[in-house]
Amino acid sequence: DYNLYFNTKVITQLNQTTLVNLNDNKGLNVNDEISIVSDTQNIIKRVITEVIGTTEVRLNSPIPAPYALQDKVRLFKEL
């Protein structure tokens, strides 16, 4: 089962800052290394620096402009 290996989150808002809105941030923690995946862009790595509320995380570096919601951009954490 795929969910045994990855914690996957849908990114619901991107604004080229370090703040990222998700469908939820359950299972994500400060210092987690994560991957940002898109249907049209290369995988990029980031680190979570802050978990905010139930739907936001702050990353150590922004997600660049070529990553777009219509390209099914998502966040993956290996378990």
Rounding to 0.5 Å, atoms CD (Q16) and OH (Y67) come to a distance of 12.0 Å

Using side-chain heavy atoms (C-beta onward) and a distance below 4.5 Å, is T18 in contact with P62?
yes

query = Counting heavy atoms not belonging to E50, are there more than 12 under 6.0 Å from its CD?
reply = yes

inquiry  = Any heavy-atom pair between the side chains of L59 and I34 that's under 4.5 Å?
reply    = yes

Please determine whether a side-chain nitrogen of the Lys or Arg among R46 and D32 lies less than 4.0 Å from a carboxylate oxygen of the Asp or Glu.
no

Heavy atoms of I43 and S35 approach each other most closely as CG2-CB, 3.8 Å

Is there a path of hydrophobic side-chain contacts, each under 4.5 Å between heavy atoms of I/L/V/M/F/W/Y residues, joining L22 to I36? yes

- prompt: Can L79 be reached from L4 by stepping across I, L, V, M, F, W or Y side chains whose heavy atoms are under 4.5 Å apart?
  reply: no

Any sub-3.5 Å donor-acceptor pair from K9's side-chain atoms to K26's backbone N or O? yes

Taken to the nearest 0.5 Å, the spacing of D24 CG from T55 OG1 works out to 8.5 Å

Within the 3.5 Å criterion, strictly below it, is a donor on T8 or R74 matched to an acceptor on the partner's side chain? no

Exactly one of I52, I11, I48, V73 clears side chain to side chain contact (heavy atoms under 4.5 Å, CB included) with V20, and that residue is I11

Are there more than 12 heavy atoms of other residues, nucleotides or ligands under 6.0 Å from atom CG of D39?
yes

Rounded to the nearest 0.5 Å, the CD1 atom of I44 sits from the CD1 atom of I63 at a distance of 5.5 Å

side-chain contact (heavy atoms from CB on, under 4.5 Å) for V37 and F76? Distances and angles first, verdict last.
CA-CA 7 Å; V37 180; F76 280 92; 3.2 Å; yes

**Request:** Would you confirm whether D71, through its side chain, and T40, through its main-chain N or O, come within 3.5 Å as a donor-acceptor pair?
**Result:** no

Tell me whether the count of non-hydrogen atoms from other residues, nucleotides or ligands lying under 6.0 Å of CD in E78 goes above 12.
no

| request: Using the side-chain contact (heavy atoms from CB on, under 4.5 Å) rule, take V30 and T49 through it: C-alpha gap first, then chi angles, then the decisive distance, then the call. | output: CA-CA 5 Å; V30 171; T49 60; 5.7 Å; no

Practice prompt. Group every Ile, Leu, Val, Met, Phe, Trp and Tyr by side-chain heavy-atom contacts under 4.5 Å, then state whether L75 and L19 land in the same group.
Written response: no

